[in-house]
Amino acid sequence: MSQKPSIPKGTRDFTPQEMANRNYIFNTIKDVFRLYGFQQIETPAMENLSTLMGKYGEEGDKLLFKILNSGDFAAQLTDNELLGRNAVKLTNRISEKGLRYDLTVPFARFVVQNRDKISFPFKRYQIQPVWRADRPQKGRYREFYQCDVDVVGSDSLLSELELIQIVDEVYRRLKINVVIKINNRKILSGIAEIIGEAEKITDITVAIDKMDKIGLEKVNEEIASKGISAEAIEKLQPILKLSGSNAEKLEQMKTVLAASEVGLKGVAELETIFGLCEAMKVETKIELDLTLARGLNYYTGAIFEVKALDVQIGSITGGGRYDNLTGVFGMEGVSGVGISFGADRIYDVLNQLNLYPETSQEQTRVLFVSFGNAELNYCLSWANALRQQGINTEIYPEPAKMKKQMSYADNKNIPFVAIVGETEMQVNKVMLKNMKTGEQKLTDVEEIIQML
RNA sequence: GUGGUUAUAGCUCAGUUGGUUAGAGCGUCGGAUUGUGGUUCCGAAGGUCGCGGGUUCGAGCCCCGUUUUCCACCCCA
């Protein structure tokens, strides 16, 4: 016949069944966001490249999907530019838009651009797809949804608390066992300061972030390969090997960081947050993890990451405090804190554990089936009456064979079928059949409405 | 971007050292059953073996390229 159609690498279609499951996730998350007074915004799928470029590091720039300029983009190019084969320069000349890479940077742009319409602190949530041109693998897609919640315009640690409470509530509702890992960028800065490698902070954090995966020795190797002195690495060891309860860890950190003002501030912040969580009886386990660094270098305070305990997959939620995100867009001094739920990974987790409530599949409550065109017409007003009562109702649109119509109901998991033939029409009733039990009885409109 | 892996019917997969006309289950459609689905029985349709090139008398099978799948690294939700 024809060649098979396909979709781009790392993207997916979602069937009605899958969408029912996904909406269960989105709705759960949304409900909790609203419960805390967050308001929804949306931003365009595409942003100007000038907004996106340079915000995610060199790696991020490579992973941006760029959109070719419309029209004859080649007309203005000089032969030199073409023959130079410089991908970066050429890109700048033929592309000025890109698909968003996350929701945080577009949000920062949004805040700066709409500051006249916003009152601070601004609590927003945003649930939209983002795109990354990296290679797909387990739990990693090129198009995926993020569910962001952020508070900007306040540096109160109560915001951190709220976000933790939201995480706690969302995963309780979804019935996923998780652990919240928490750290503080100020502590990491303090550490770099103490060991005398303040400017290598990024390299150090990227390396110790891998502690879980590659172990202490390899982390040390990687740090050494970045040109950090053996002496500094030696000083780092007690920190990497830190153990005990959260409180014990913090006590130890106080002595280690005694000479670092920033470091101590980070410790104090975490103490406050732990105290608040305890007072508010947050049930989810919260674990201080000094190896938690996270790649994004715009975090300045608390850093969060949530991992599922029963499924091996990357983090399913992450975020942190950023003091000056809007600064790059010319609006200084706005502090924000936010987290992002990775809907697609949550979806994978729920699929693996099969944790969907049964009702999420069922959509249509009753299907009208009929034997002829006269019966079909007769159904129309019945269906209307049911719909007015809020009952999801369908009419099989043609008088096909009974078997065909009944199978349709069966396949769609429709619990009730209203059968209409001549005899039913004569007495102004329908034969209502319960598809689970097989029972059926002659009923009129009022009766159906009551039964359903 | 690096390394490995995968691709056969709508879906899940068989297919012998390279040998005639590529199979099964599920699904779809039709029938057994002209007013009754989910069970059962019978039958049918459905394939450029991802795509392009090469080796060979002969390729689903071997070789090269390319795309795709999945996995690891980098990075990340």
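Hydrogens, waters and symmetry mates are skipped; everything else that's a heavy atom, side chains included, is used. Letters A, B, ... mirror the listed sequences (proteins, then strands); counts begin at 1.
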inquiry  = What's the gap between B:G27 and B:A22 when it is taken at their P atoms, as a whole Å value?
reply    = 25 Å
Is there any protein nitrogen or oxygen under 3.5 Å from a nitrogen or oxygen in nucleotides 67-69 of chain B, and what are the pairs?
| unit_1 | atom_1 | unit_2 | atom_2 | d |
| --- | --- | --- | --- | --- |
| B:U69 | OP1 | A:G10 | N | 3.4 |

task = Consider the side chain of A:S315, meaning its heavy atoms from C-beta on, and name the nucleotide among B:A77, B:C29, B:C74 that approaches it most closely.
result = B:A77
inquiry  = Categorize A:K62 for me: base, sugar-phosphate, or nothing, with a 4.0 angstrom heavy-atom threshold over every strand shown.
reply    = nothing
task = Provide, to the nearest angstrom, the distance between the NZ atom belonging to A:K218 and the C1' atom belonging to B:C73.
result = 12 Å
inquiry  = Check this for me: does the side-chain of A:R345 come within 3.5 Å of the base of B:C76 through a donor and an acceptor?
reply    = yes
message = Between A:Y347 and A:Y24 (judged by ring centroids, cut-off 6.0 Å), do the two rings come close enough to count as a pair?
response = no
ask   = Does anything in residues 132-164 of chain A pair up under ring pair (Phe, Tyr, Trp, His ring centres under 6.0 Å), and if so which pairs, sequence neighbours excluded?
value = A:F26-A:Y145
Whole-Å P distance, B:A14 and B:G25 = 16 Å
inquiry  = Can you confirm if the aromatic rings of A:F368 and A:Y396 lie within a centre distance of less than 6.0 Å?
reply    = no
inquiry  = With a sphere of 6.0 Å drawn around CD of A:E58, does it hold more than 12 non-hydrogen atoms of other residues, nucleotides or ligands?
reply    = no
query = Excluding sequence neighbours, so at least two apart, what forms side chain to side chain donor-acceptor pair (under 3.5 Å) with A:D344?
reply = A:R12, A:R22
query = Would you call A:E394-A:K412 a salt bridge at under 4.0 Å N-O?
reply = yes
ask   = Under 4.0 Å between a side-chain N or O of A:K412 and OP1 or OP2 of B:G37?
value = no
query = Counting only non-hydrogen atoms, which of residues 395-403 of chain A are less than 4.0 Å from RNA chain B?
reply = A:K401, A:M402, A:K403
query = Taking the same atom, C1', in B:G60 and in B:G4, what whole-Å distance lies between them?
reply = 23 Å
message = Would you measure the distance from the P atom in B:C73 across to the matching atom in B:U12 and give it in whole Å?
response = 26 Å
message = If I take atom CG in residue A:D150 and atom P in nucleotide B:A77, what distance separates them, rounded to the nearest angstrom?
response = 13 Å
message = Contact between A:I273 and A:I182 at the side-chain level, heavy atoms closer than 4.5 Å - yes or no?
response = yes
query = Hey, does the side-chain of A:R140 have a donor or acceptor N/O within less than 3.5 Å of a partner on the base of B:C75?
reply = yes
remark   = Here the distance between atom P of B:A77 and atom OH of A:Y141, to the nearest Å, is 15 Å
inquiry  = Roughly how many Å apart are B:C76 and B:A24, using the C1' atom of each and rounding to a whole number?
reply    = 42 Å
For atom CD of A:Q137 and atom P of B:G4, their distance in whole Å = 16 Å
message = Can you confirm whether more than 12 heavy atoms, excluding those of A:Q137, are under 6.0 Å from its CD atom?
response = yes
inquiry  = Could you work out, with side chain to side chain contact (heavy atoms under 4.5 Å, CB included) as the rule, every residue matching A:L216, not counting sequence neighbours?
reply    = A:M211, A:N220, A:Q237, A:L240, A:K241
query = Do the rings of A:Y378 and A:W382 sit parallel, tilted or perpendicular, given the 30° and 60° boundaries?
reply = tilted
query = Nearest of B:A77, B:G37, B:A72 to any side-chain atom of A:K138?
reply = B:A72
message = Suppose we call two aromatic rings close when their centres sit under 6.0 Å apart. Are A:F38 and A:Y125 close by that rule?
response = no
ask   = How do A:E422 and A:D410 order along RNA chain B: which one's closest nucleotide is nearer the 5' end?
value = A:E422
request  = Nearest whole angstrom, please: distance from the P of B:C75 to the OH of A:Y56.
outcome  = 18 Å
ask   = Are the ring of A:F371 and the base ring of B:G35 both nearer than 5.5 Å at their centres and tilted by less than 30°?
value = no
key: Heavy-atom donor-acceptor pair, A:Q440 side-chain to B:U36 base, under 3.5 Å   = yes
task = To the nearest Å, give me how far apart CG (A:N411) and C1' (B:G37) are.
result = 9 Å
ask   = With a non-hydrogen cut-off below 4.0 angstrom, is A:K307 in contact with a base, only sugar-phosphate, or nothing?
value = nothing
Gap between atoms CG and C1', on A:D13 and B:C11 respectively (whole Å) = 14 Å
inquiry  = Can you tell me whether the side chain of A:E424 and the base of B:G35 have a donor-acceptor pair closer than 3.5 Å?
reply    = yes
task = Round to a whole Å and report the spacing from CD1 of A:I316 to C1' of B:C76.
result = 15 Å
inquiry  = Only Watson-Crick and G-U wobble pairs with both distances less than 3.5 Å should count. Give RNA chain B in dot-bracket notation, marking inter-strand partners with |.
reply    = ((((..(..((((.....[...)))).(((((.......))))).....(((((..]....))))))..))))....
